[in-house]
Amino acid sequence: MAHELLDWLGRRHPSLQVDREAVLFGAATHDIGKTAHLGELLGPGSAHEEAGRRLLLAHGVAPGLARFAATHATWTLPDVGLEDLLVSLADKIWKNKRVPELEDLVVRRLAEASGRTVWEEFLDLDDALTAVGEAAEERLAFQTAHPV
């Protein structure tokens with residue numbers, strides 16, 4: 001999902017500075033703390049977030065990359081960057097979960113960077129998320145077929 005979002009973002013906003021590799025790393029590792037909190041693999045919980053950040057740091061991952069394990073669920077904090085928002089958005093849209101507050105934050109950042117209206121950015125992002133989310137049922141079925 002992060003890869004698809006980044007490709008879309010690159011086409012729509014080619015001059016926008018986004019650390020693509022950081023977003024892809026964050027998307028790939030954001031739930032790594034669930035290895036220490038197995039109950040959160042299939043159920044709710046937030047203990048994995050800080051545990052994941054600590055685990056990555058303990059294995060030599062730079063703090064700027066390890067942060068995604070913690071920030072993927074704290075996207076409402078004022079200092080969260082666009083990369084963090086994109087990791088959070090990819091995490092949600094993977095299962096076709098639409099979170100208006102998160103999407104609004106991304107839309108505002110895009111509008112600020114592009115000079116376009118919030119409404120224009122919303123319409124484009126909504127189309128992109130709808131397209132990406134359509135295959136969620138298939139992804140979730142695959143995941144369910146391979147239980148932990």
Side-chain angles (χ1 to χ4, degrees), residues 1-116 118 120-122 124-133 135-136 139-140 142-144 146-148:
M1 296 302 91
H3 191 274
E4 290 185 38
L5 284 172
L6 287 165
D7 285 351
W8 172 85
L9 194 60
R11 288 189 305 275
R12 302 297 299 170
H13 300 283
S15 63
L16 185 63
Q17 297 295 312
V18 175
D19 187 339
R20 182 181 179 87
E21 295 306 313
V23 172
L24 294 174
F25 181 86
T29 62
H30 73 278
D31 277 342
I32 197 165
K34 290 185 178 185
T35 61
H37 297 279
L38 296 177
E40 294 184 17
L41 282 170
L42 299 174
S46 59
H48 74 279
E49 295 157 10
E50 182 57 28
R53 188 186 71 78
R54 286 193 313 269
L55 178 67
L56 291 169
L57 290 171
H59 284 85
V61 173
L65 293 174
R67 77 179 195 266
F68 293 107
T71 63
H72 75 277
T74 59
W75 43 265
T76 57
L77 296 176
D79 60 340
V80 172
L82 180 59
E83 286 86 358
D84 303 89
L85 294 175
L86 292 171
V87 170
S88 299
L89 190 57
D91 181 36
K92 298 300 184 193
I93 200 62
W94 185 86
K95 51 192 167 267
N96 203 22
K97 182 175 182 182
R98 302 294 297 264
V99 182
E101 298 91 351
L102 174 57
E103 293 175 22
D104 288 348
L105 289 171
V106 173
V107 163
R108 280 198 299 267
R109 297 281 179 96
L110 295 178
E112 289 168 6
S114 70
R116 296 174 65 204
V118 169
E120 289 172 304
E121 292 296 349
F122 168 79
D124 287 346
L125 182 64
D126 184 59
D127 287 345
L129 296 180
T130 299
V132 169
R139 287 189 295 272
L140 292 170
F142 177 83
Q143 181 182 19
T144 302
H146 300 87
V148 179

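Heavy atoms only: backbone and side chains are in, while hydrogens, waters and symmetry mates are out. Everything quoted here is computed from the prediction, not taken from an experiment.
Listed by chain and number, the residues in a side-chain contact (heavy atoms from CB on, under 4.5 Å) with Val99 are Trp75, Lys92, Lys97, Glu101, Leu102 (sequence neighbours excluded). Partners of Ser114 under the side chain to side chain donor-acceptor pair (under 3.5 Å) rule, at least two apart in sequence or in another chain, are Glu121. Legend: residues meeting salt bridge (charged side-chain N to carboxylate O under 4.0 Å, His left out) with Asp31, ordered by chain and number and at least two apart, are Lys34. For Gln17, the side-chain contact (heavy atoms from CB on, under 4.5 Å) test picks out no residue, with sequence neighbours left out. Applying the side-chain contact (heavy atoms from CB on, under 4.5 Å) criterion to Glu50, with sequence neighbours excluded, gives Arg53, Arg54, Ala70.
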Name each donor-acceptor pair under 3.5 Å that joins a side chain in residues 55-69 to protein atoms two or more places apart or in another chain, with its distance.
{"from": "His59", "atom 1": "ND1", "to": "Leu55", "atom 2": "O", "distance (Å)": "3.0"}
{"from": "Arg67", "atom 1": "NE", "to": "Asp84", "atom 2": "OD1", "distance (Å)": "3.4"}
{"from": "Arg67", "atom 1": "NE", "to": "Asp84", "atom 2": "OD2", "distance (Å)": "2.9"}
{"from": "Arg67", "atom 1": "NH1", "to": "Gly64", "atom 2": "O", "distance (Å)": "2.3"}
{"from": "Arg67", "atom 1": "NH2", "to": "Asp84", "atom 2": "OD1", "distance (Å)": "3.2"}

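The side-chain heavy atoms of Thr71 and Val87, taken from C-beta on, include no pair separated by under 4.5 Å. Residues Leu110 and Arg12 are not in side-chain contact: their nearest non-hydrogen atoms beyond the backbone lie 4.5 Å or more apart.
Applying the ring-ring contact (aromatic ring centres under 6.0 Å, His included) test to residues at least two apart or on different chains, the pairs with a partner in residues 17-40 are His30-His72. Applying the side-chain hydrogen bond (donor to acceptor under 3.5 Å, both in side chains) definition to pairs two or more places apart or across chains, those involving residues 103-112 are Arg98-Glu103. Applying the salt bridge (charged side-chain N to carboxylate O under 4.0 Å, His left out) test to every pair with at least one member in residues 14-29, sequence neighbours left out, gives these pairs: Asp7-Arg20. Residue pairs meeting the salt bridge (charged side-chain N to carboxylate O under 4.0 Å, His left out) criterion with at least one member in residues 55-65: none, sequence neighbours excluded.
Leu129 contributes atom CG, which lies 6.0 Å from atom CG of Leu5 (distance to the nearest 0.5 angstrom). Separation of atoms NE2 (His48) and OG1 (Thr35) is listed at 10.5 Å; rounding is to 0.5 Å.
Nearest heavy atoms, Thr74 versus Val80: O-CG2, 3.3 Å. Nearest heavy atom pair, residue Ala73 against residue Ser88, reads N-OG, 4.5 Å.
If you run side-chain contact (heavy atoms from CB on, under 4.5 Å) between Leu9 and each of Val106, Leu125, Leu86, only Leu86 comes through.
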